[in-house]
Structures are given as C-alpha cells and as structure tokens.
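Order of the sequence lines fixes the chain letters, A, B, ..., with proteins taken first and strands second; residue numbering starts at 1 for each chain. Just so it is clear, the values below take in all heavy atoms, side chains as well, and ignore hydrogens, waters and symmetry mates. Source: prediction; values computed, not measured.
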Amino acid sequence: MAKNIKARKDDYAQWYLDVIKAAQLADYSPVRGCMVIRPEGFSIWEAIQRDLDRRFKDTGHVNAYFPLLIPQSFLTKEAEHVEGFALECAIVTHSKFEKDADGKLVPAGKLEEPLVIRPTSETMIGHMYAQWVQSYRDLPILINQWCNVMRWEMRTRLFLRTAEFLWQEGHTAHETAAEAEVETLRMLDVYADFASEALALPVVKGRKTDSEKFPGAVTTYCIEALMQDGKALQAGTSHDLGQNFAKAFDIKFTGRDNAIQHAWTTSWGVSTRLIGAMIMAHSDDDGLVIPPRVAPIVAAIIPVFKGDAERETVMAFIKQLVANLVGEAEVASAAKRSSGEIQSYFFDKATDQKVIVDGRDVRSGDKQFHWEQRGVPFRFEVGPRDVAAGVTVMKRRLDRSKESLALADVTADMLRAKLEDLHNVMLAKATAFRDENTREAKTYDELKSILETNGGFVRCYWEPNTAAEAKLKADLKATVRCIPFEQAGTEGTCLHCGKPTKTQVLIAQAY
RNA sequence: CGGGGCGUAGCUCAGCUUGGUAGAGCGCCUGGUUUGGGACCAGGAAGUCGCAGGUUCGAAUCCUGUCGCCCCGACCA
C-alpha cells in the first residue's frame with residue numbers, strides 16, 4: 001500500500017491530488033488557479049497531441065495559430081457567447097508599468113479598448129475567416145490550433161479545471177448546413193475513437209440539452225466519460241455553430257447560385273482535462289496507471305544487486321535485455337546522450353516512448369514503488385537469481401501480475417504485444433465499470449435513490465426542459481449529461497413531466 | 001463571488017489560548033552497515049514564522065490591513 005497516497009474510498013478528491021503529486025505530473029503555481037505541468041505530465045499531453053494531431057490531419061485539417069488577445073468588442077458580437085463567457089474573462093487593460101510617487105510600480109498606459117485573454121477563439125477566428133472567405137470556392141476552411149486559453153474559474157482542480165489550460169480548438173467553415181453538421185459529427189467520432197483507442201477510455205456520444213450547450217452554438221455534441229467515483233466528466237465537445245458566428249462576424253461568400261450567403265461554422269475541442277479523465281478512470285490506490293499507448297515510459301528495468309560484483313553481472317544481463325527491446329542501434333545512440341543513473345532508450349521514436357533502466361543504488365523496493373506510482377505499464381526485474389536462471393520477471397502495473405521470461409523471449413515485438421493486450425484489458429475493465437454503473441430509472445424517486453446511493457450514469461426518459469434541469473441540479477446536484485445517440489426508440493414516461501416521450505437521456509453528477 | 005479553514009525548514013505540521021533564545025517527523029547532504037516490495041545508525045545543512053502597519057522593553061504569538069492557498073456553495077472544457 002502506498003503510504004503517500006490516500007485510498008479512494010477514504011477521500012477520492014485527495015486520492016486524485018495525491019496520485020498527481022506522487023507521479024509528479026503537475027504542481028501548483030504561485031498564480032491562483034494556474035498549474036505547472038511537469039515533464040512527466042507534459043509528456044502525456046505530448047502523446048495525446050501526437051495522436052490527435054494525426055487524426056486531425058487524416059481528416060483533412062491543418063494547424064494554424066491565432067492571437068492570445070482578443071478585442072473586447074469581438075466578444076460582444078455574439079449575444080449568447082458573451083453571456084456565457086463574460087463572468088470568466090481575464091482582461092488586459094494596461095500596456096506598461098510606471099513608478100508612482102513612492103517608487104512603486106503601477107499599471108499605466110491604459111488601453112483604448114480592453115483586450116480579453118482568449119477563453120476560446122470563435123470570435124478572433126470568425127473575424128479572420130470573414131476576410132478569407134469570398135467564394136464558395138474558399139470553403140471549407142478546416143483549421144485547428146493547439147494553444148492555451150484562460151477562463152477565470154472560481155474553483156480550480158488540477159487538470160480538470162484550471163484558469164489557464166492547454167487544448168486544441170478546431171474551427172471550420174462550410175458552404176452548407178449539412179456539411180457543417182457532418183463535420184461536427186465527424187470530429188465527435190474522432191474524439192470518441194481517440195478516447196477509447198489511445199486512453200482506453202470508453203465514452204458515451206450524445207447531444208447536449210439547451211441548458212448545457214456551448215454559448216452561441218446551435219447544437220453541442222459531447223463525449224461523456226465515467227470516473228471511478230461515479231461522477232461523469234465531459235471529455236470533449238463538438239459544436240455546430242450554424243450561422244450564428246458567421247452572422248456576427250460577417251463570414252459571407254458568393255455561392256454557386258451567385259447569391260451572397262453566410263457560411264456555416266463549427267468548433268470542437270479537447271483539453272488537458274483528458275489527463276484528469278485518464279487518471280480518474282484508470283489509476284488505483286498505488287498511484288497512477290497510464291494506458292500504454294500514451295505512456296511516455298513503457299517499461300522500467302529494475303536491476304537488483306548488492307555490491308559491485310553483483311551489479312556488474314546484473315548490468316551485463318540487462319545490457320542484452322535492453323538490446324533485445326530497443327535494438328543495438330538505439331543502445332549505441334543512447335550511449336552518446338548524457339545520462340545519470342537512470343538511463344533511457346527510445347522504444348519507439350515515432351511516439352517518443354521509452355524504456356528506462358533504473359541503475360540507482362537504492363533498495364529495489366524503492367525503485368518498484370517509484371515506477372509503480374508513475375504508472376509505467378511494465379517493469380522488468382533483474383537480480384542475481386534471475387541472471388543465474390537466464391530470466392527476468394516482468395510485472396504488469398495494472399494488476400501486479402508477473403511472469404518469468406527467458407532473456408531470448410523478451411523482444412520488442414513481445415513487449416509491443418503485451419502493451420496492446422494491456423490496452424485491451426484496460427479498455428474492457430473501464431467499459432465494464434461504466435456499464436455496471438449505468439442504471440435505469442423509471443421514476444424521479446428512483447433517479448434520486450440511484451444518484452444518492454450509487455452515483456454513476458442514470459438512463460431515463462426525459463423530455464429536455466431547462467426549468468426541469470435546473471430543478472434537477474438544485475435537488476440532486478445532477479445534470480443531464482447528454483441525449484445519447486443510442487436510443488431505445490421505445491416510448492416511456494418522462495421523469496419530470498409525466499408525459500409520454502421517446503427521448504432518453506443520461507443523468508449524472510459531474511465534474 | 002458568499003460561508004468556513006489555513007499561511008512557521010523542500011513537504012506535513014506543532015508552538016499562538018497565557019508575548020520572553022525557532023521546534024518535530026519526513027525529505028536533503030556526509031560517513032557506515034544494508035539492498036529480491038517503501039532499511040538502520042551516527043553526524044550535518046536548512047526558516048527575514050505570507051506581506052505591511054500597529055501595540056509592547058520585547059511579537060510566530062495580541063490588534064488592523066492586505067495577499068495567497070485549501071474545503072463547501074453558486075459558475076464552468
């Protein structure tokens with residue numbers, strides 16, 4: 001049992017923070033609500049970026065960059081949009097410091113028009129698209145940007161909700177409503193596929209009700225994931241913006257019919273929150289568990305020795321083990337890199353994934369815990385007894401299962417297969433958890449009792465209604481997470497109004 | 001932004017009620033014994049007590065202000 005990590009059942013929130021701290025993913029910063037993403041955490045973000053970026057490009061998108069600062073007037077052009085973001089904007093009002101009579105620095109150079117640090121870039125990008133689009137031939141525009149945004153949140157939690165966070169925002173403009181709709185759903189699929197294929201995170205695809213949709217959108221689609229404490233987490237959104245932003249920013253073009261019309265736009269995004277989702281979906285009381293496809297280190301090799309003689313024997317064996325895993329060429333190039341007692345080798349340069357050898361002269365238990373808490377999928381243990389028998393003990397982080405393998409059998413292909421298998425096991429486990437924690441409610445009382453005793457997703461008949469959803473939130477702190485795409489198609493009784501309806505929704509308490 | 005709690009060594013905290021030389025555990029450094037799931041012994045370094053005022057012979061301690069953090073609520077990727 002990890003002594004620096006609180007058990008989930010005792011204090012889930014503290015457990016989450018302890019896991020992050022123990023794995024050194026992130027740290028608090030001197031600035032309220034802003035976190036430092038440490039190398040261990042950032043490399044997971046890089047893996048997420050690498051995979052998603054590939055998927056964006058595979059679907060025809062290109063990357064670009066737009067400014068951090070947005071003129072205040074832009075934000076106010078779309079009525080719902082400004083309404084939605086006004087309360088969480090950081091605003092730049094001055095351009096320099098001057099010394100006052102006491103020699104203290106005070107802001108000076110007041111700006112004519114305040115600038116807003118982007119909470120999202122629909123407005124800035126809408127403004128630019130208006131200039132880039134003249135003809136239907138200029139469409140579609142399929143641009144994504146990787147950047148930071150800032151939302152002055154009242155309460156923050158590492159990765160889940162920070163004032164500044166990293167994300168990607170895709171912004172597209174289309175000739176027709178139908179094309180925009182297709183794009184919106186395509187990107188939702190990209191997100192859902194990514195979540196299960198890279199993060200081993202099963203998600204529910206659906207549509208947001210009016211009370212939960214993005215300010216300024218016509219329709220918001222989302223992927224919802226379930227965390228181990230039974231709370232839901234919105235893991236990604238894709239918005240069909242209709243012509244709302246096109247009208248606000250004058251994105252107009254001459255169509256095939258020679259008539260001037262407004263473009264149809266979409267936007268979609270996922271953020272570093274995905275790291276929070278990954279942590280809360282997979283990790284355990286021993287610390288972080290990283291799904292293998294985004295694991296920066298796929299295996300840690302742990303030498304066990306006492307004294308120089310044993311060390312030499314063990315290291316000689318490990319040298320061969322490493323060569324089996326990463327190849328002689330990589331061993332040679334790793335030798336040129338400066339390294340301390342922990343040597344790292346690229347297992348896969350395309351994904352930046354590494355294998356490390358922990359040569360520190362500390363107790364082997366320390367090393368085991370060290371890499372276990374950091375969520376490294378596999379550990380190879382090599383001690384004098386193993387060397388004598390010509391084997392290594394391979395341990396799987398997920399369940400601590402272990403097997404003894406002959407040196408010759410440890411190969412890159414073998415590890416790759418183990419990683420793939422692990423991915424499947426983790427996805428199956430998370431899927432089983434989600435399914436076991438998705439229940440049906442036929443009455444409001446039943447909904448209440450499920451949310452109070454079990455938590456999780458509750459599926460029920462529910463006619464979308466803003467007032468009823470406000471009451472739901474006041475009563476049970478729960479929200480309609482989405483109207484899932486998968487519908488029974490049968491008719492039932494709406495939980496809040498008692499009328500017959502075919503619409504089923506997913507209700508849960510959420511982060 | 002409302003309610004509550006808290007700022008003392010890198011971390012977790014004690015000391016504050018009742019003002020009088022700055023403390024503990026963990027971590028870190030050195031040496032030794034150790035090393036197959038969180039070792040032990042000895043020694044050592046380390047803090048303008050969040051910041052600014054005030055009261056006082058004297059403030060970590062009392063008073064005022066201020067900044068920040070955490071928890072709960074309202075708000076949210």
task: Determine the contact category for A:Phe165: base if any of its heavy atoms lies under 4.0 Å from a base atom, sugar-phosphate if only primed atoms, P, OP1 or OP2 are that close, otherwise nothing.
output: base

What nitrogen or oxygen pairs link the protein and nucleotides 3-5 of chain B at under 3.5 Å?
none

Span that lies between the P atom of B:rG15 and that of B:rU55, in whole angstrom: 29 Å

- prompt: Side chain of A:Lys402, base of B:rG37: donor and acceptor closer than 3.5 Å?
  reply: no

query: Atom CG of A:Asp361 to atom P of B:rG32: distance rounded to whole Å?
result: 12 Å

field: Those residues of residues 370-390 of chain A lying under 4.0 Å from RNA chain B by at least one heavy atom
entry: A:Glu372, A:Gln373, A:Arg379, A:Glu381, A:Gly383, A:Pro384, A:Arg385, A:Asp386

message: Categorize A:Ser267 for me: base, sugar-phosphate, or nothing, with a 4.0 angstrom heavy-atom threshold over every strand shown.
response: nothing

- prompt: Rounded to whole angstrom units, what separation is found between the CH2 atom of A:Trp146 and the P atom of B:rA77?
  reply: 19 Å

task: Please state the P separation for the pair B:rG4 and B:rC11 - nearest whole angstrom.
output: 28 Å

statement: Contacts satisfying salt bridge (charged side-chain N to carboxylate O under 4.0 Å, His left out) that involve residues 39-52 of chain A (not counting sequence neighbours) are A:Glu40-A:Arg374, A:Arg50-A:Asp352, A:Asp51-A:Arg55

task: Quote, to the nearest angstrom, the C1' distance that separates B:rC13 from B:rC6.
output: 12 Å

message: My understanding is that a pair needs two contacts under 3.5 Å, Watson-Crick or G-U wobble. By that rule, which nucleotide pairs with B:rG36?
response: none

- prompt: What distance, rounded to whole Å, do you find between the two C1' atoms, one in B:rG38 and one in B:rC75?
  reply: 42 Å

- prompt: Taking the P atom of each, how far is B:rU18 from B:rG10, in whole Å?
  reply: 31 Å

message: I want to verify a distance call: between B:rU35, B:rU12, B:rA77, whose nearest atom is closest to the A:Lys21 side chain?
response: B:rU12

task: Determine the interatomic distance between C1' on B:rA59 and the same-named atom on B:rU64; round to the nearest Å.
output: 15 Å

message: Can you list, in residue-number order, the parts of residues 270-284 of chain A that come under 4.0 Å of RNA chain B, counting heavy atoms only?
response: A:Ser271, A:Arg273

field: Euclidean distance for C1', B:rG20 against B:rC67 (whole angstrom)
entry: 30 Å

message: Side chain of A:Arg400 only, heavy atoms from C-beta on: which candidate in B:rG37, B:rA77, B:rC11 is closest?
response: B:rG37

Quick test: give all pairs of protein nitrogen or oxygen and nucleotides 66-74 of chain B nitrogen or oxygen below 3.5 Å, distance rounded to 0.1 Å.
unit_1, atom_1, unit_2, atom_2, d
B:rC69, OP1, A:Arg32, N, 2.9
B:rC72, OP2, A:Arg155, NH2, 2.2
B:rG73, OP1, A:Lys477, NZ, 2.8

- line: Between A:Leu87 and A:Gln368, whichever has its closest RNA chain B nucleotide further toward 5' is A:Gln368

- request: Ignoring the backbone of A:Val304, work out which of B:rG38, B:rU34, B:rG36 is nearest its side chain.
  value: B:rG36

query: Is there a stack between A:Trp167 and B:rA77, judged by ring centres under 5.5 Å and planes under 30°?
result: no

- request: Would you confirm whether A:Asn244, through its side chain, and A:Gly216, through its main-chain N or O, come within 3.5 Å as a donor-acceptor pair?
  value: yes

message: I need the CD-C1' distance between A:Gln14 and B:rC11, as an integer number of Å.
response: 13 Å

task: Using the P atoms only, state how far B:rU56 lies from B:rA45, rounded to an integer number of Å.
output: 39 Å

query: Under 3.5 Å, is there a donor-acceptor pair linking the side chains of A:Glu381 and A:Ser364?
result: no

query: How long is the line joining CD1 of A:Ile48 and P of B:rA77, in whole Å?
result: 19 Å

With the criterion being N/O to N/O and under 3.5 Å, what pairs connect the protein with nucleotides 39-41 of chain B, and how long is each?
unit_1, atom_1, unit_2, atom_2, d
B:rA39, OP2, A:Arg363, NE, 2.6
B:rA39, N9, A:Arg363, NH1, 3.3

